[in-house]
Amino acid sequence: MSGEAEKYFPLLYDELRRLARSRLASGGRNTVLDTHALLHESFLRLQNAGHLVLNDREHFLAYAATTMRSIVVDHLRRRRALRRGGDISIVTLNTVVANELGSSEDEVLDIHDALETLGQVEPRLVQVVEMRYFAGLSEAEIAQALGVTDRTVRRDWERARLLLAGMLGR
Amino acid sequence: MDTIAWPRGRLDGGGETGSVSTTTRGDPEHWRRINALLTEALAQPPQAREEWLAHLAVSEPSVALELGRMLARAGQESDGFMKRSVQASLLTDVEGENGLERPGAEIGPYRLIRELGTGGMGRVWLAERIDGSVHRQVALKLPRVGWARGVAERLTQERDALATLEHPHKIGRASCRERVFSSV
């Protein structure tokens, strides 16, 4: 993470978690939030509150995507630890989550681990994965944030996805 | 109303290890080489890749095999791997926080009446059939929100195992859009 990203990390981390919780608590049944909407809302809130000197929405999205990855992974690890804590098994199943997620918890955590290696291969691919997979940003948004063309984002994403599949033996 | 049969055993489906050998999985050097080759392969039209792979296989058969598997996914609309982005509903960690479970809520063929208890695994609700096909109340076990491989299968096995027993209390299992749950 760059120095600037580190500076914003705690603020973003708290804000994104708080927003996700309040949305899920007030939503009706079948509430599924998309991370994309959360990122945009948190940007507006932080900017209005004067926390962001960073006017640049594109940079914000790149940092926020990294933060979102941490939030998701921390959460899955906590839940996994809880589940393994007792001597009785905890049954967990929510196919809404499974379907919306498109991946199992284990797969998300495996992808997170494999990204460490990918970062040593080609760091930009990790940024693309964070923005698209963990933050749900569009190709156009990612292209703007990284200062590359949409086509480059598409190609990077495909290559990143294939490499990750290879690393995970899929 | 009878007690609920909770599936036993570890159901989190979790192994920490992936299926790739530990020698290459975290080796950046290996993946830098694979990345370079993959970039080269993807730059070619799809119909030319097979020949390219065959050529590579002469000198490095195992690398060619690895790349062949990866290239088979290239441009495949049907490939589900990482197709959808992670959703923030993952961030809920308190059961029922997302409002799915409340009195009057309908889950599968049941309507929830009131909560009977809560535990590490989930909640148990007093529920009744919506369709009125059976005029009795059931205890409905709703596993904690989350997801684990194999749970549906385990519940099915449990149901099947119980079905072979001669017992005055029958167990049923119903699957609906949102949950797999068992009722007694």
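Within every chain, numbering begins at 1; the chains are lettered A, B, ... in the order of the sequence lines, protein sequences first and strands thereafter.
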Applying side chain to side chain contact (heavy atoms under 4.5 Å, CB included), name anything that partners B:R32, two or more places apart in sequence or on another chain. A:Q120, A:V121, B:P28, B:E29

Is there side-chain contact between A:L118 and B:W31, with heavy atoms separated by less than 4.5 Å? no

Using heavy atoms and a sub-4.5 Å threshold, report which of residues 39-52 of chain B line up against chain A, by residue number. B:T39, B:L42

Give, for atom NZ of B:K83 and atom OH of A:Y133, the distance between the pair rounded to the nearest 0.5 Å. 14.0 Å

Using non-hydrogen atoms only, which part of A:L137 is less than 4.5 Å away from chain B: side chain, backbone, both, or neither? neither

What's the spacing between A:T117 OG1 and B:D27 CG if we round to 0.5 Å? 8.5 Å

Residues of residues 146-161 of chain A near chain B, each having a heavy atom less than 4.5 Å away: A:W157, A:E158, A:R159, A:R161

Pairwise distance CE(B:M82) to CG(A:L164) - rounded to 0.5 angstrom: 5.0 Å

CG of A:L162 to CZ of B:F81: how many Å apart, nearest 0.5 Å? 9.0 Å

Minimal heavy-atom distance between B:R73 and A:A165, with the atoms involved, is NE-CB, 3.5 Å

Residues which pass side chain to side chain donor-acceptor pair (under 3.5 Å) with A:R69, listed by chain and number, not counting sequence neighbours: A:H112, A:E116, A:E130

Side chains of B:I34 and A:M167: closer than 4.5 Å at any heavy-atom pair? no

In terms of heavy-atom contacts, A:G136 and B:S85 come closest through CA-OG, 3.7 Å

